[in-house]
Amino acid sequence: MQEYLQGLNEKQREAVLHKDGPIMIVAGAGSGKTKVLTTRITHLMAAHQVDAFNILALTFTNKAAHEMKERVERVLGNGEARNLYIGTFHSVFARILRFEADKIGYPRHFTIYDTDDAKSVLKAVIHDLHLDDKQYKPNLVYNRISSAKNALIGPEAYKADYAIQQEDVRANRPAIGQIYDNYVKRCFRNGAMDFDDLLLKFYELLRTIPECLSRYQHKFKYILIDEYQDTNPAQYEIIKLLGALHENVCVVGDDAQSIYSFRGATIQNILQFQKNYDNVTVVKLEQNYRSTRSILEVANEVISHNKGQIEKVLFTENPEGEKIKIVRTLTDNDEGKFIADSIQEQKLRHHFANKEFAILYRTNAQSRAFEESLRRMAIPYTIYGGISFYQRKEVKDMVAYLRLIVNPRDEEALKRIINYPTRGIGKTSLDKLLLLSNEKDCSTWAILLQAREYGFRAGTLMVLENFVTMVKSFASMLEKSNAYDVAFYVGKQTGLVKELFNDKSTEGIQRYENIQELLNSIKEWTESPDNEEGELVDKSLGAYLQQITLLTDADEKDVDADTVKLMTIHAAKGLEFSCVFAAGLEELLFPNAMAINTREELEEERRLFYVVITRAKQKLWITYANTRYRFGQLVQNEPSRFLAEIPPAALDKSFAGTKTISGNPLRAGWGGYGPGSSRESKPERTTGNGLSEKPSYLAPKPTVNKTGEHVPTPGFAPSDMSELEAGQRVEHMKFGYGEVIKVEGSAHNPIATVRFENNGEKKIMLNYARLRIVSP
DNA sequence: CGCAAAGCTTATCTG
DNA sequence: AAGCTTTGCG
């Protein structure tokens with residue numbers, strides 16, 4: 001038997017050895033599914049001589065894809081793994097779409113719009129339709145359109161669907177269909193795809209171009225999909241098409257961990273897999289290698305409250321381990337303190353490293369209290385889920401230039417930098433350009449190219465043409481130089497780098513460093529060997545730009561760094577930690593208020609709870625707070641209903657003090673952690689009852705205008721400023737009389753310094769201020 | 001035009 | 001409480 005099969009249990013081996021035909025691997029939490037997937041790929045290549053070029057593996061994160069490739073390479077050691085097609089749905093499809101773009105009318109280097117870009121387009125569309133963006137909030141509209149796309153419903157189908165229309169009308173947003181329509185057209189005009197388009201357009205490619213369907217059906221003889229429970233209908237249909245020829249589709253998933261329905265994922269994909277394919281082999285991996293028996297028992301019990309799952313019972317041969325600890329605190333800050341204290345204590349007593357701890361929560365907003373408490377204890381930590389490096393303003397600015405060079409139709413990029421750094425193309429000119437591009441239904445860039453014909457003022461026309469010339473010169477440089485050289489030159493030539501360099505504030509220096517880091521990243525990209533991209537090798541700037549939009553900060557941050565990890569439960573999917581703190585187990589927070597209206601929603605929240613429990617290898621704390629701040633206001637929360645689903649026998653009853661909670665509907669015996677038990681609690685904030693907000697002995701603030709109101713002389717009329725010079729006496733509407741000290745500034749923006757009798761020295765911009773010359 | 005202050009909104013999860 | 005947008009002003 002091959003060496004790589006040795007470490008597998010019977011079920012795992014069965015999953016690996018199955019060669020042809022559809023197979024569903026139901027892999028419980030911690031049952032070694034990554035190992036099975038990689039070994040399966042290895043086995044296909046080593047034992048069955050399947051060519052790496054014929055294997056497609058779709059994962060949930062870029063990082064998982066990387067790891068898988070590495071593991072296969074480690075076993076095979078012949079460099080073949082580089083030819084595997086492994087990546088996320090989005091990155092793999094983006095790569096193929098780049099290759100086939102012309103067939104569906106897109107430029108090869110189409111831009112991928114991230115959520116911010118997409119929302120910005122939506123804003124413009126909503127504005128152009130003269131709709132109220134209070135009623136049509138871009139965020140909401142975006143989600144609605146995203147759901148439609150993930151269900152493969154285009155604008156026409158959207159408008160024709162009675163149920164959808166009823167929903168929109170009832171929500172008083174009847175025009176979403178129209179917005180959707182315009183949005184799609186606008187994105188196409190911009191040569192851009194949003195995240196959902198990467199799936200939708202790939203699907204359309206397969207559906208409408210028979211030669212493409214055939215090519216990729218033949219190419220991908222073996223298809224493997226990780227985290228199948230979180231795929232949506234678009235992904236489902238794509239796989240069905242791609243796999244139709246060989247039917248060698250291997251899906252791995254756990255219905256109990258399906259937590260992405262908000263992204264259009266439907267648990268039906270995994271529940272129905274057996275009905276959708278003939279002769280499906282089903283293998284269940286039920287032995288858990290990750291957690292202690294105590295932890296697994298709690299997980300099993302909790303998930304049993306859900307209906308309609310694939311039947312399975314997870315077991316483990318691991319030791320029983322410690323019991324679970326449930327901890328109540330008075331406030332969210334106390335919760336933070338408790339967790340930081342506990343981490344410190346565990347480190348001292350049991351010699352855990354920082355990186356063995358994770359604090360997991362339902363919403364990103366909860367991270368603040370933990371950050372503060374960890375910082376106070378000097379415990380290093382990493383937060384996941386903030387804005388990624390490539391979302392920072394200065395980075396996006398620079399990237400916008402590069403985007404425009406590669407794809408001049410990219411209107412979002414153009415809007416961002418056409419007047420940054422300032423070059424005299426103001427709002428008026430830009431609005432006119434955008435209006436024209438809407439009228440002619442062509443890209444803003446096309447209007448710019450013919451600016452001469454649209455009656456701009458001479459000066460404006462000149463700056464517009466200079467801008468066009470500059471961008472064109474960058475683009476032509478791209479033909480001869482590599483991406484890094486072009487980017488470096490752009491930074492220098494536009495003055496962007498210089499502007500950041502001159503800003504010596506702390507943030508300014510940081511921004512400058514970020515740009516340097518961006519340049520480094522481009523350099524690394526251009527120089528790295530061609531082993532990451534399968535057979536469609538593309539080291540162009542365009543390929544780089546598409547790739548960075550698909551990176552998440554989980555891909556950018558180093559998991560091995562010795563820091564405590566803070567993230568949402570969603571982000572923790574697929575990860576494991578020795579010690580886990582599941583925080584904020586409160587009604588309305590977890591389960592979240594947004595998800596308690598239907599059984600389906602509530603069951604998904606419960607699966608989320610299941611996921612957080614099963615992240616823990618050795619120790620698990622579950623915490624909740626009586627009160628926490630929301631929108632700057634203190635709110636009270638009941639303990640989460642999920643706590644009552646935990647079997648009492650699994651709990652550590654002696655834990656954290658002896659206080660019982662009076663009036664708590666849950667079992668007594670859990671500790672309290674609040675001002676009484678923590679070292680330094682802030683006194684309770686006095687909440688606004690309208691009384692004694694301010695001590696009465698304090699004098700009221702003076703209400704008199706500090707500047708002292710000046711009453712202008714009757715018939716006040718500003719004088720002609722062109723002749724103003726030092727020494728003249730002037731009158732100002734508000735500041736009264738004064739003497740001109742000096743006149744400076746450029747010709748089109750002169751600034752006078754005036755010493756006023758009652759208001760001291762002021763700088764006055766003569767273009768805007770109203771001054772009357774009293775005497776020469 | 002560009003800045004600062006005031007005002008308003010917001011926070012479920014994400015590639 | 002914090003971030004983003006609008007406003008008011010020189």
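Proteins come first, then strands; the chains are lettered A, B, ... in the order of their sequence lines, and each starts at number 1.
The distance between atom NZ of A:K393 and atom P of C:dT5, rounded to the nearest whole Å, is 12 Å. The CG atom of A:D133 sits 12 Å away from the C1' atom of B:dT9 (whole-angstrom rounding). C:dC4 atom P lies 13 Å from atom CG of A:N139, rounded to whole Å. Nucleotide B:dC13 holds its P atom 9 Å from the CD atom of A:Q366, rounded to whole Å. A:N364 has its CG atom 11 Å from the P atom of B:dA11, to the nearest Å. The CG atom of A:D555 sits 13 Å away from the P atom of B:dT14 (whole-angstrom rounding). Between A:K427 atom NZ and C:dT7 atom P there is a gap of 12 Å when expressed in whole angstrom units. The separation between A:N143 atom CG and B:dG15 atom P is 15 Å, rounded to whole Å.
If you take atom C1' in B:dT12 and the same atom in C:dT5, they sit 24 Å apart, rounded to whole Å. Between the C1' atoms of C:dC4 and B:dC13, the separation comes to 22 Å (whole Å).
In this structure, A:H570 has its ring center under 6.0 Å from that of A:F262. Separation of the A:F60 and A:Y260 ring centroids falls under the 6.0 Å cut-off.
Between B:dT12, B:dG2, B:dG15, one nucleotide has an atom nearer to the side chain of A:T422 than all others, and that is B:dG2. Side chain of A:Y142, nearest nucleotide from B:dG15, B:dA11, B:dT14: B:dG15. Distance from the side chain of A:N592 is smallest to B:dT12 among B:dT12, B:dG15, B:dC13. You'll find that the side chain of A:H90 is closest to B:dG15, out of B:dG15, B:dC13, B:dA11. Candidate nucleotides B:dG15, B:dT10, B:dT14 were compared by shortest atom distance to the side chain of A:H570, and B:dT14 ranks first. Taking only side-chain atoms of A:F631, from C-beta outward, the nucleotide of B:dT12, B:dG15, C:dA1 with the closest atom is C:dA1.
Residue-level contact check: A:K123 touches the backbone only, with heavy atoms under 4.0 Å from sugar-phosphate atoms and none from bases. Among the atoms of the strands shown, only primed sugar atoms or phosphate atoms (P, OP1, OP2) are found under 4.0 Å from some heavy atom of A:K134. No engagement by A:T61 is indicated, since no non-hydrogen atom pair under 4.0 Å with the nucleic acid exists. Nucleic acid contact class of A:F590 (heavy atoms, under 4.0 Å, all strands): none. Backbone-only contact: A:G426 has heavy atoms under 4.0 Å from sugar-phosphate atoms and none from a base.
For the pair A:K137 and A:D132, the salt-bridge criterion is not met [side-chain N within less than 4.0 Å of a carboxylate O]. Between A:D555 and A:K63 no salt bridge is recorded (no basic side-chain N to carboxylate O distance below 4.0 Å). The existence of a salt bridge linking A:D194 and A:K119 is excluded, since no basic side-chain nitrogen approaches an acidic carboxylate oxygen closer than 4.0 Å.
Residue A:I425 is the one, among A:I425 and A:F60, whose nearest nucleotide of DNA chain B lies closer to the 5' end (criterion: closest heavy atom). Residue whose closest nucleotide on DNA chain B sits further toward the 5' end, between A:A595 and A:T88: A:A595.
Listed pair A:R368 / C:dA2 meets the phosphate criterion, a side-chain N or O lying under 4.0 Å from OP1 or OP2. Contact annotation: A:K573 does not reach the phosphate of B:dT14 (side-chain N/O to OP1 or OP2, under 4.0 Å).
Under a 3.5 Å cut-off, the side chain of A:E587 and the backbone N or O of A:E638 do not form any donor-acceptor pair.
Residue-to-nucleotide contacts include no donor-acceptor pair under 3.5 Å from the side chain of A:N62 to the base of B:dG15.
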